[in-house]
There are 2 protein chains.
Amino acid sequence: MANHRRKESVADRVYEALKEDIFEFRLIPGDRFSEGDIGGRLNASRTPVREALYRLQREGHVEVLFRSGWQVKPFDFQQVEELYDLRITLERAAVHKICGLAEEPAALRTLTALWNPDHPSERAVGSTVRMLDESFHCDLVAAAGNREMTRIHREITDRLRIVRRLDFSRDERVDATYVEHAAILEALRNGMAREAADRLTRHIRASQRAVREITMERIREAAAAHRSEQ
Amino acid sequence: MANHRRKESVADRVYEALKEDIFEFRLIPGDRFSEGDIGGRLNASRTPVREALYRLQREGHVEVLFRSGWQVKPFDFQQVEELYDLRITLERAAVHKICGLAEEPAALRTLTALWNPDHPSERAVGSTVRMLDESFHCDLVAAAGNREMTRIHREITDRLRIVRRLDFSRDERVDATYVEHAAILEALRNGMAREAADRLTRHIRASQRAVREITMERIREAAAAHRSEQ
DNA sequence: CGTGATCAACTTGTATACATGTGAATTGGC
DNA sequence: GCCAATTCACATGTATACAAGTTGATCACG
């Protein structure tokens, strides 16, 4: 049998680096660049760079212009709304599936312990809460037991990360997250599928609204900072 | 502005050819091959072949074994079940969205005309009905107006095509498809979301059952035929 | 005959050279 | 000064050369 646990390839490294550049706004939506640029900056030849770019293209983060370079996909507000809608659809379906399972998934206990609103730790740092929030929703979907659904949800999570990080830049949203997650879990563990799904929907919609309010302003800031650096 | 209407690239051609080979069982799940094989057979260098293979890999049709060749992804029955479940989730969501729209999408009228059970044409050929059935479900999801949902549904449709084609190898399934589609559309156009969603679910589950019954037998046949050719 | 080390043929991963199209700067005409 | 045609640096698409790992056959040896 082949050994598939090989060390990280150059293509993987370039992929991760580019993804982070995009998520951290070091590459602004609309920015154009060439395969040669990236290769030079990350010390790689065009072949692995191209592989990484094609992956990012399939995931919707960049697009190629025929013989005229690449660009970070311009921000599409409607697309973000649609991704949020799709997320809600998938997570609601997951909740109903979980309530239909013969026995409660072990993951629910772990999540309940973690998202106790009285729990004092972890709450200080926004970026930590963001990652935990991501895990919460991904774990919830995973608990439903459909790997394909989990995979698609993961993909959507990746694409929304660039905007979701704005959600936790305000303390009241951090607090609300704890309360809302706890309420969702309680309903879920009591088998109240409808209740859990509705709470989950409201929770995601609240995040969506918060993000919507902050997004455009932040992007403008980042673009301005980016220009002044050049 | 860049001209994006360029002619089909070699990579595209290889991609389409490989996809058809897989769907037509000329490449059996489990078959192993190398990039060089494909390049030689389709008159292309390794670069576009690799690009095509990576696309197929992301779509779940093939996988690469580190420095040890490629193989058509072995058939995973659980994955097919999960994809069907996901399809149902998405199409149910689409139905509910459509019923929530301010006005009926124009596509519904087109579909209603096409799927009249009394309509005599088109019914003879199974492969035609298969394509029409695919269109029906894709158009239904598209009518909900969420492009991301449509895209994901399209991806799932692609991955299920290899098994769905088995559904229409029996006449009673062809007939049933007409009746079921018409009933779904009727409920949908009367704004009966619950009714339409439930009918749709039963329709897809019936297809799923039919496919499940035929799949293993067919794969065995194809594998046997394949072996005798060698 | 059985078994383990060795090795050569193949495989993918990566780098690089070449083909071809794009687009912006340049140049020439007015 | 302005505009259009031209040109050329540079972009991606493709082919090929090289690096590094896998695998299965082979051969030596018990």
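In what follows, every chain begins at residue 1, and chains take the letters A, B, ... in the order their sequences are listed.
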Euclidean distance, atom [atom1] of residue [X] to atom [atom2] of [N] [Å, nearest integer]:
{"X": "B/D12", "N": "D/dG13", "atom1": "CG", "atom2": "C1'", "value": "11 Å"}
{"X": "B/E8", "N": "D/dT12", "atom1": "CD", "atom2": "P", "value": "21 Å"}
{"X": "A/N43", "N": "C/dT14", "atom1": "CG", "atom2": "C1'", "value": "13 Å"}
{"X": "A/L53", "N": "D/dT12", "atom1": "CG", "atom2": "P", "value": "8 Å"}
{"X": "B/E35", "N": "C/dG13", "atom1": "CD", "atom2": "C1'", "value": "9 Å"}
{"X": "B/R13", "N": "D/dT14", "atom1": "CZ", "atom2": "P", "value": "10 Å"}
{"X": "B/F33", "N": "C/dC10", "atom1": "CZ", "atom2": "P", "value": "18 Å"}
{"X": "B/R46", "N": "D/dA17", "atom1": "CZ", "atom2": "P", "value": "12 Å"}

Exercise. Hey, are B/R151 and B/E148 close enough for a salt bridge, meaning a charged N less than 4.0 Å from a carboxylate O?
Worked result: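 So B/R151 pairs with B/E148 through a salt bridge.
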
Exercise. Between the base of C/dT11 and the side chain of B/R67, is there any donor-acceptor pair under 3.5 Å?
Worked result: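 Counting by modelled atom types and ignoring angles, no donor-acceptor contact under 3.5 Å is found here.
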
Exercise. Pick one: which of A/E51, A/E20, A/E59 meets side-chain hydrogen bond (donor to acceptor under 3.5 Å, both in side chains) with A/Y15?
Worked result: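 Of the listed residues A/E51, A/E20, A/E59, the side-chain hydrogen bond (donor to acceptor under 3.5 Å, both in side chains) partner of A/Y15 is A/E59.
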
Any idea which of [options] is nearest the [X] side chain?
{"X": "A/S68", "options": "C/dG23, D/dT14, D/dA20", "answer": "C/dG23"}
{"X": "B/S34", "options": "C/dG13, C/dT11, C/dT16", "answer": "C/dT11"}
{"X": "B/A44", "options": "C/dT22, D/dA15, D/dG13", "answer": "D/dA15"}
{"X": "B/T47", "options": "D/dG13, D/dA15, C/dG13", "answer": "D/dA15"}
{"X": "A/F66", "options": "C/dG21, C/dA15, D/dA17", "answer": "C/dG21"}
{"X": "B/Y54", "options": "C/dG13, C/dA15, D/dT12", "answer": "C/dG13"}
{"X": "B/S45", "options": "D/dT12, D/dG21, D/dA15", "answer": "D/dA15"}

Exercise. So, B/T201 and B/R92: side-chain donor and acceptor under 3.5 Å apart, yes or no?
Worked result: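 Checked: B/T201/B/R92 side chains pair up, N/O donor to acceptor below 3.5 Å.
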
Respond yes when some side-chain nitrogen or oxygen of [X] is under 4.0 Å from OP1 or OP2 of [N], and no when none is.
{"X": "B/W70", "N": "C/dT12", "answer": "yes"}
{"X": "B/R50", "N": "C/dG13", "answer": "yes"}
{"X": "A/S9", "N": "C/dG13", "answer": "no"}

Exercise. Parallel, tilted or perpendicular: which describes the rings of B/H203 and B/H137, with under 30° parallel and over 60° perpendicular?
Worked result: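 Answer is parallel, since the angle falls under 30°.
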
Exercise. Any side-chain heavy-atom pair from B/D85 and A/M149 closer than 4.5 angstrom?
Worked result: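 Contact flag for B/D85/A/M149 side chains = no.
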
